[in-house]
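In what follows, a single structure is set out as structure tokens and then discussed.
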Amino acid sequence: KNEVEQSPQNLTAQEGEFITINCSYSVGISALHWLQQHPGGGIVSLFMLSSGKKKHGRLIATINIQEKHSSLHITASHPRDSAVYICAVRGYNTDKLIFGTGTRLQVFP
Amino acid sequence: KAGVTQTPRYLIKTRGQQVTLSCSPISGHRSVSWYQQTPGQGLQFLFEYFSETQRNKGNFPGRFSGRQFSNSRSEMNVSTLELGDSALYLCASSLGLHNEQFFGPGTRLTVL
């Protein structure tokens with residue numbers, strides 16, 4: 001079993017829909033990252049959080065440390081949100097980043 | 001402020017050769033991390049450097065090595081290339097070890 005699991009693996013949405021991507025992890029962590037990767041490879045860091053909730057524009061990230069779970073929400077989705085979203089955790093003991101396998105999101109107009 | 005730059009962007013090598021990839025961090029950033037991304041294994045951590053010292057290393061064979069210079073620029077080297085080393089190699093910089101990371105565009109290495 002992977003230490004970081006994401007669901008769903010693939011997600012298709014219509015423009016304007018509310019989207020949720022989930023990340024569960026099995027190790028103790030010091031921080032959790034949400035990353036966005038567009039076709040072509042470039043990765044953008046969306047959030048780094050260790051507790052609570054963060055919001056940036058239409059994106060919201062939450063984390064529940066006790067349940068070892070985080071969610072990334074996209075409100076009013078747009079075709080430009082189409083990308084792979086990757087969850088990564090920094091292990092508390094190893095201090096290394098461990099990545100999920102990513103969620104491929106396609107938003108259609 | 002310029003972003004993270006990586007050179008070269010694309011590279012084709014043959015088995016047995018060695019390769020050196022370069023990463024220039026954002027000005028003022030002192031930490032550089034390297035990652036390998038393949039379709040089969042996804043993103044995997046290679047190394048992390050801070051102030052010219054390797055602070056952490058992933059589970060890769062000794063053929064993978066790296067270093068960081070006094071200006072925070074970093075290089076990684078892969079010797080005796082294997083077909084399985086074909087991947088996108090990404091570098092990321094941050095102010096310190098546990099800060100938000102900013103990724104470069106990557107170097108796509110193809111081993112024939």
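Naming: A, B, ... by sequence-line order, numbering from 1 per chain. All of these numbers come straight from a predicted model, not from anything done at the bench. Keep in mind that the numbers below use all heavy atoms, side chains included, and drop hydrogens, waters and symmetry copies.
At a 4.5 Å heavy-atom cutoff, the contact between Leu88(B) and chain A is made by side-chain atoms alone. Contact of Ile98(A) with chain B is not made at all, since no heavy-atom distance falls under 4.5 Å. Only the side chain of Leu90(B) comes within less than 4.5 Å of a heavy atom of chain A; its backbone N, CA, C and O stay farther away. For chain A, the nearby parts of Glu100(B) are the backbone and the side chain; heavy atoms of each come within less than 4.5 Å.
Using modelled atom types and a 3.5 Å distance limit, the side chains of Thr103(A) and Gln6(A) yield a donor-acceptor pair. In summary, the side chains of Thr38(B) and Gln41(B) do not present any donor paired with an acceptor at a separation below 3.5 Å, with no hydrogens or angles considered. Residues Thr20(A) and His73(A) have side chains that bring a donor and an acceptor to within less than 3.5 angstrom of each other.
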Stepwise side chain to side chain contact (heavy atoms under 4.5 Å, CB included) test for Ile43(A) and Leu43(B): CA-CA 11 Å; Ile43(A) 291 181; Leu43(B) 270 164; 3.9 Å; yes
Is there a salt bridge (charged side-chain N to carboxylate O under 4.0 Å, His left out) between Glu3(A) and Lys96(A)? Walk through the geometry before answering. CA-CA 12 Å; Glu3(A) 292 169 299; Lys96(A) 298 177 186 178; over 6 Å; no
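Interface check for chain B: of the options Gly102(A), Ser45(A), Ser30(A), Ala88(A), the most heavy-atom pairs under 4.5 Å are formed by Ser45(A).
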